[in-house]
K.L.:
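Structure in structure tokens, see below.
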Amino acid sequence: MIRFIVILFFIGIVPVVRAQTQELDSLLNRLRQKPADEERVRLYLEVANEYEQSDLQKTVLYADSGIQLAGKSKAFEKQLPPLYLRKGMALRKQSVNTEALKAFKSGLSLSVAQHDQLNEARFYSELASIAHTNGEIAKALDLDQKSLDIFVALKDTLGITETYNNIGVIHWHKENRSKAMVFYKKAVALNSSARHLITKARLLNNIGLIFKDIDQYDSALTYFNEALSYLDIKKNAFGYALVNNNIGISYREKGNYDLALKHFEIARRLQVQLNDQYGLTLVNDNIGRVLVAQRKFKEGLAYLKTAFEYSLKADNLEWQGHVSEHLADSYELMGDFKNAYLARKQADVYEDSLDTRSRHRELAEVEVKYQVKQQQAENDLLKAENELNLSTIRNKNLLVTGAIIFSVLIFTLLIFAYRALQIKKKTTAIIEEKNARLEALNQEKNNLMGIVAHDLKSPFNSIGGITNILPLAGPLNDEQKKFVSLINNVVESSRTLIQDLLDLSALENREIKIGREPVNVTDLMTGVYAKHTLQAQKKGITLEVSEEAKDAVIVSDHRHIERILDNLISNALKFSQPSTHVAIGSKLESGQVQFYVKDQGPGISAEDQKNLFKKFRKLSAQPTQGESSSGLGLSIVKALVEELGGNIAVESELGKGTTFTCTLPIK
């Protein structure tokens with residue numbers, strides 16, 4: 001359901017935001033006077049607070065300035081958590097969730113180190129908000145519970161109230177309305193103070209949403225209007241806009257289009273002021289749908305197209321799909337079936353993209369379940385071995401006793417020897433059974449991976465086909481061409497992931513073919529160098545090649561060696577900053593050829609190196625320009641190297657780059 005927009009205001013600890021007033025001018029003047037560092041850090045935080053209502057980008061700018069200054073001295077460290085909190089909240093409101101997540105995690109680490117429990121609880125709440133927005137419901141509930149535990153320990157009534165509200169919203173999003181209402185009522189019971197008007201408004205709005213969901217619009221409007229009465233349009237424009245939007249939706253569903261448009265327009269003006277991409281997507285979509293319902297097609301289509309543009313800026317696939325559906329419905333009402341068809345196909349593309357993300361998560365879950373089963377099987381094996389060891393010890397004791405009184409207990413000794421043999425046979429059978437189960441589990445996992453990856457090919461081929469026929473429907477403008485290019489990039493990235501899954505499945509099932517042919521090392525290195533030169537140039541990285549094994553010839557599989565080097569070089573470029581060097585080369589040593597790839601990237605921690613070649617494992621370090629990474633590349637490299645009879649090693653230290661060395665036999 002389309003609910004994330006209301007979550008941005010109605011979950012999380014959202015402070016009262018101030019309008020840009022004389023107070024802001026006073027703070028800026030004091031900053032221009034270049035006060036001492038301690039005073040400047042405090043002023044940066046206050047200015048960031050002041051700008052939060054009128055200019056979220058400036059909020060981030062001033063919070064960043066404070067963070068940079070406070071980070072220079074341990075004397076200012078206590079100012080860092082509130083600065084990170086302000087920065088993260090401003091980024092979250094602009095839907096820049098990846099950067100917001102980094103800010104919240106940094107602030108949380110500092111709060112824990114400083115034993116600042118209040119800010120620690122606030123960061124847990126904000127992290128829960130992002131997890132909820134990303135659809136990670138279990139994670140969001142866990143983070144909210146951590147936040148709640150701290151607020152209860154601190155006896156912070158407002159914090160407890162708001163966390164109850166957050167948990168209620170999560171249950172509402174899961175369509176468990178009765179459970180959501182339980183938490184809302186707990187929050188209402190605690191929120192008796194007249195000082196906490198914003199929290200009261202949130203609670204009333206959320207109760208109104210439950211009534212709206214069950215089509216009781218008059219009851220919903222009662223709660224929405226009461227919520228609005230507690231909000232100041234100047235001090236809380238964000239919440240004021242969202243409640244007006246909810247009121248507009250209720251009037252639209254009642255068929256009162258004039259009142260719906262009145263409230264939507266109030267929301268739209270405020271969201272323009274706030275530069276809220278999600279809010280502008282929603283309200284323009286709502287206005288467009290009302291105008292289309294009034295048969296004002298030209299005006300309605302203009303608003304729907306504006307909503308689609310904002311959904312692109314917000315990078316929200318779900319909303320891009322919903323607005324495309326509404327455009328298709330509108331074109332059908334107008335009798336424009338060609339544009340209706342194109343809009344419907346466009347909506348299908350977004351739906352397939354969302355399904356693909358869901359399948360990626362499902363694949364990861366399957367892998368985790370398999371690992372749990374595998375661990376259980378290993379535990380069973382260990383238990384069986386322990387039983388065997390204990391049995392052996394008991395039998396040894398019996399043999400010693402039997403030796404002392406051999407003449408008397410010879411018959412008893414034979415009985416125990418027989419029992420020991422039976423136990424050993426039984427234990428051996430248990431071990432063999434567990435080994436067979438492990439093998440079956442592994443085969444089941446590999447088969448599942450191959451089937452799912454193969455089935456994913458079809459929707460992506462369909463998407464690629466659609467983008468190829470789009471120009472046939474008529475000339476595309478520059479923005480449309482850019483959008484088609486974006487879709488093609490996503491399709492190509494997903495096809496690469498699918499091929500990686502299929503290759504990994506083939507390697508694990510011993511289904512991959514290994515060729516035996518003469519491979520000229522110089523030709524090989526020249527080819528891979530040329531292939532990656534453009535990627536290096538785009539990132540401003542110097543790619544160097546060195547050959548001590550010039551014109552050496554090895555008997556191996558050219559295609560697989562090239563795949564190994566491609567993966568290693570691509571990874572080095574992904575994780576390297578501009579103006580750095582990546583060196584590739586080869587050399588002869590003890591009848592073998594060593595290929596190496598050396599970068600000046602962030603390095604790999606000792607902890608990451610333990611999991612480096614495992615499937616679906618991603619490193620702590622991230623690609624420097626947001627490049628995609630499936631977590632499969634290095635596991636495929638290791639499997640290929642071993643199939644070719646070689647070995648791979650890594651040398652790395654944090655901050656000093658990484659060197660991968662692949663050693664292969666000449667024959």
Side-chain angles (χ1 to χ4, degrees), residues 6-18 42 45-46 48-49 52 63 77-90 92-93 100-101 103-133 139-172 179-207 227 230-232 235-236 238-239:
V6 291
I7 291 170
L8 291 175
F9 171 71
F10 291 103
I11 73 173
I13 299 174
V14 182
V16 176
V17 262
R18 309 175 184 86
R42 187 181 62 78
L45 177 59
E46 291 188 24
N49 287 339
E52 190 174 13
E77 281 185 347
K78 287 193 176 181
Q79 295 293 334
L80 283 170
L83 284 163
Y84 275 118
L85 185 65
R86 185 63 54 238
K87 175 184 177 181
M89 292 173 68
R92 177 169 62 80
K93 289 178 182 178
L101 194 62
F104 291 144
K105 287 183 176 180
S106 297
L108 176 61
S109 297
L110 287 165
S111 299
V112 172
Q114 295 171 12
H115 305 291
D116 182 354
Q117 289 188 300
L118 183 58
N119 273 320
E120 182 182 347
R122 289 169 175 165
F123 281 115
Y124 282 134
S125 182
E126 291 296 337
L127 289 168
S129 173
I130 289 183
H132 186 185
T133 303
K139 183 177 180 180
L141 285 170
D142 180 61
L143 289 165
D144 271 327
Q145 187 60 52
K146 289 182 178 180
S147 176
L148 181 62
D149 291 342
I150 295 174
F151 283 132
V152 169
L154 295 175
K155 298 181 180 179
D156 187 324
T157 303
L158 179 59
I160 297 170
T161 302
E162 290 176 326
T163 308
Y164 278 149
N165 175 67
N166 297 350
I167 296 172
V169 172
I170 293 174
H171 287 297
W172 167 71
K179 201 162 187 177
M181 189 67 85
V182 169
F183 282 97
Y184 291 155
K185 287 182 177 179
K186 285 184 178 182
V188 169
L190 283 173
N191 188 48
S192 57
S193 172
R195 292 182 298 128
H196 302 151
L197 298 181
I198 305 303
T199 302
K200 191 166 187 176
R202 282 202 298 276
L203 290 167
L204 291 167
N205 177 82
N206 291 345
I207 294 173
Y230 291 109
L231 296 171
D232 186 324
K235 293 183 177 180
N236 206 290
F238 197 82

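If you read the sequence from its start, that first residue is 1, and numbering goes on from there. What you see is a predicted model; the values in this text were computed from it and never measured.
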K.L.:
Verify side-chain hydrogen bond (donor to acceptor under 3.5 Å, both in side chains) between Asn166 and Glu162, making sure each step is shown before the conclusion.
P.N.:
CA-CA 6 Å; Asn166 297 350; Glu162 290 176 326; over 6 Å; no
K.L.:
What I'd like to find out is whether the side chain of Leu85 reaches to under 4.5 Å of the side chain of Glu126, using heavy atoms alone.
P.N.:
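SC-SC contact between Leu85 and Glu126 confirmed.
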K.L.:
Give the minimum heavy-atom separation between Ala63 and Lys87, together with the two atoms involved.
P.N.:
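Heavy atoms of Ala63 and Lys87 come nearest at CB-CB, 3.8 Å.
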K.L.:
Taking ring pair (Phe, Tyr, Trp, His ring centres under 6.0 Å) as the test, write out the residues that go with Phe183, two or more places apart.
P.N.:
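Checked Phe183 against ring pair (Phe, Tyr, Trp, His ring centres under 6.0 Å); matches are His171.
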K.L.:
Which residues pass the side chain to side chain contact (heavy atoms under 4.5 Å, CB included) test with Val182, not counting sequence neighbours?
P.N.:
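For Val182 the side chain to side chain contact (heavy atoms under 4.5 Å, CB included) partners, ignoring immediate neighbours, are Lys186.
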K.L.:
Quick one: are Arg122 and Leu118 in side-chain contact, heavy atoms under 4.5 Å?
P.N.:
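The answer is yes, as the side chains (C-beta and beyond) meet within the 4.5 Å cut-off.
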K.L.:
Could you report the tightest heavy-atom contact between Ala121 and Ser147, atom names first, then the distance?
P.N.:
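Of all heavy-atom pairs spanning Ala121 and Ser147, the closest is O-OG, 3.1 Å.
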K.L.:
Between Met89 and Phe104, what is the shortest heavy-atom contact and its length?
P.N.:
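The pair with the smallest heavy-atom distance is N-CZ, 3.5 Å.
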K.L.:
Does some side-chain heavy atom of Tyr84 sit less than 4.5 Å from a side-chain heavy atom of Ser111?
P.N.:
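SC-SC contact between Ser111 and Tyr84 ruled out.
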K.L.:
Looking only at heavy atoms, what is the nearest atom pair of His132 and Ala140, with distance?
P.N.:
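That would be N-CB, 3.8 Å.
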K.L.:
Within the 4.5 Å heavy-atom criterion, are Thr157 and Phe151 side-chain neighbours or not?
P.N.:
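No, side chains not in contact.
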K.L.:
Could you list the residues that satisfy side chain to side chain contact (heavy atoms under 4.5 Å, CB included) with Leu101, not counting sequence neighbours?
P.N.:
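So Leu101 forms a side chain to side chain contact (heavy atoms under 4.5 Å, CB included) with Lys105, Leu127, Ile130.
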K.L.:
Got Leu110 and Asn119 here, is their nearest side-chain heavy-atom distance under 4.5 Å?
P.N.:
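No - every pair of side-chain heavy atoms lies 4.5 Å or more apart.
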K.L.:
Mind listing the closest non-hydrogen atom pair of Gln114 and Pro81 along with its distance?
P.N.:
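Nearest heavy atoms, Gln114 then Pro81: OE1-CG, 3.7 Å.
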K.L.:
If we only count heavy atoms from C-beta on, is the Tyr184 to Asn165 side-chain gap below 4.5 Å?
P.N.:
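Touching, per the 4.5 Å side-chain cut-off.
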K.L.:
For Gln117 and Ile150, work out which heavy atoms get closest and say how close.
P.N.:
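Distance-wise, the nearest heavy atoms are O-CG2, 3.4 Å.
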